[in-house]
Number of protein chains: 2
Amino acid sequence: MTIGNKLDIDQGAKIVKILGDKTRLNIVSLLMHDECCVCELVELLEMSQPSISQHVAKLKTAGIVKERRQGQWIFYRVDPDSEAFPLVESIVQHFPNQKDRIRELEVKGLRVCCD
Amino acid sequence: MTIGNKLDIDQGAKIVKILGDKTRLNIVSLLMHDECCVCELVELLEMSQPSISQHVAKLKTAGIVKERRQGQWIFYRVDPDSEAFPLVESIVQHFPNQKDRIRELEVKGLRVCCD
DNA sequence: TGCTTATATAAGTGTTTGCTTATATAATGG
DNA sequence: CCATTATATAAGCAAACACTTATATAAGCA
């Protein structure tokens, strides 16, 4: 997929296509700097659980996010070691940082914490 | 659409979606540094004229490329003044430069020139 | 074991997409 | 004015998409 530091257009277009959806772009913006589980994304994006799970599955299949199971929860985050990461990062940087959205969740007591 | 130097996610996702197609990503990579007309793109991408025209129309409607009519030909190029340009540029930079492809066209005598 | 919570997956459906073929529009040159 | 070239646009169609509802899987806990 890589030629030097360049991506192959066919494979790269698949990554761009996955990110070309407002729900997934939102999810990736959230998961770029924070780890979230599906139920948090359901709250943040106000969408059904199956819909969020399906979007996350596409991101995972594409290698954009990775998962970490902890008890009942599965936490997702953008995989910084992915070959597509530089592309993902340079797209996401054009959109507003989502830290405030996550802070709102904490304030509402909806942030999942398993320490 | 813009908040500071950041794009709105909904509008930005539309730009990313337009670029999430290998044909359009190819076209934009070609038109980032060179001007081409539809018939040149037909040669370069080996696709039908209506198909190329339809892809170019999407890019034009999104404001990603602009046109310049010269006689029978309409030359297209990426619009550097577009609000979406920084996003477009930061996506395209991850893919191979297409200057060689255009040079091949010149060698084959298929490059349109109206000087 | 059985109940609850979290998540995934499957099946169904209306919408969108990207091609095709056919035709329309526009400019050039005899 | 007519033929040619370049481009756009329309109609049709199969495939992909993003939801929905229903169900399956998996972990935690009484």
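None of these values were measured; they are calculated from a predicted model.
Each of D:dA8, D:dC19, C:dG18 was ranked by its minimum atom distance to the side chain of A:Met47; first place goes to D:dC19. Taking every side-chain heavy atom of B:Ser53 into account, D:dT9 is the closest of D:dA18, D:dT9, C:dT17. For A:Pro50, taking side-chain heavy atoms from C-beta onward, the closest of the listed nucleotides D:dA8, D:dT7, D:dT21 is D:dT21. Taking every side-chain heavy atom of B:Val38 into account, D:dA8 is the closest of C:dT7, D:dA8, D:dT20. Among the nucleotides D:dC19, D:dA10, D:dA8, the one closest to any side-chain atom of B:Gln54 is D:dA10.
Put simply, the side chain of B:Leu7 does not reach to within 4.5 Å of the side chain of B:Pro86, judged on heavy atoms. Proximity of B:Cys36 to B:Ile102: side-chain heavy atoms (C-beta onward) are separated by under 4.5 Å at one or more points. When side chains are defined from C-beta on, B:His94 counts as touching A:Ser90, because their heavy atoms get closer than 4.5 Å.
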- line: For DNA chain D, the expected dot-bracket line (Watson-Crick or G-U under 3.5 Å, [ ] crossing, | inter-strand) is ||||||||||||||||||||||||||||||

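If you measure from atom CD1 of B:Ile27 to atom P of C:dG18, you get 11 Å, rounded to the nearest angstrom. In this entry the distance linking CH2 of B:Trp73 with P of D:dA8 reads 14 Å, nearest Å. For B:Glu40 and D:dT5, the CD to C1' distance is 14 Å, given to the nearest whole Å. Rounded to whole Å, the distance from CD1 on B:Ile74 to C1' on D:dT5 is 13 Å. In this entry the distance linking CD of A:Glu67 with C1' of C:dT9 reads 14 Å, nearest Å. Separating the NZ atom of B:Lys60 from the P atom of D:dT9 is a distance of 6 Å, rounded to the nearest angstrom. At whole-Å resolution of the value, OH in A:Tyr76 and P in C:dT7 are 8 Å apart. Atom-to-atom, CG of A:Leu41 to P of C:dA6 comes out at 13 Å; the value is rounded to the nearest Å.
Taking only distance into account, the side chain of B:Gln49 meets the base of D:dA8 through a donor-acceptor pair shorter than 3.5 Å. Checked by distance alone, B:Gln72 brings no side-chain donor or acceptor within 3.5 Å of a matching partner on the base of C:dT28.
Comparing A:Arg69 and A:Lys17 against DNA chain C, the residue whose closest nucleotide sits nearer the 5' end is A:Arg69.
The distance from atom CZ of A:Phe85 to atom CE of A:Met32, rounded to the nearest 0.5 Å, is 4.5 Å. Here the straight-line distance linking atom CD1 of B:Ile18 with atom CZ of B:Arg24 works out to 5.5 Å at 0.5 Å rounding.
Heavy atoms of other residues, nucleotides or ligands lying less than 6.0 angstrom from NZ of B:Lys66 number more than 12. The number of heavy atoms from other shown groups lying within 6.0 Å of CD (A:Glu106) is above 12.
Under 4.0 angstrom from either OP1 or OP2 of D:dC17 there lies no side-chain N or O belonging to A:His55. Between B:Ser48 and C:dG18, a side-chain N or O to OP1/OP2 separation shorter than 4.0 Å is absent. Taking side-chain N and O atoms only, B:Ser51 has a distance below 4.0 Å to OP1 or OP2 of C:dC19. OP1 or OP2 of D:dA18 has not a single side-chain nitrogen or oxygen of A:Lys22 nearer than 4.0 Å.
At a threshold of 4.0 angstrom between heavy atoms, the contacts of A:Lys58 are confined to the sugar-phosphate backbone, with no base atom among them.
The side chain to side chain contact (heavy atoms under 4.5 Å, CB included) with A:Leu44 is formed by just one residue from the set A:Asn26, A:Ile27, A:Leu30, A:Ile52; it is A:Leu30.
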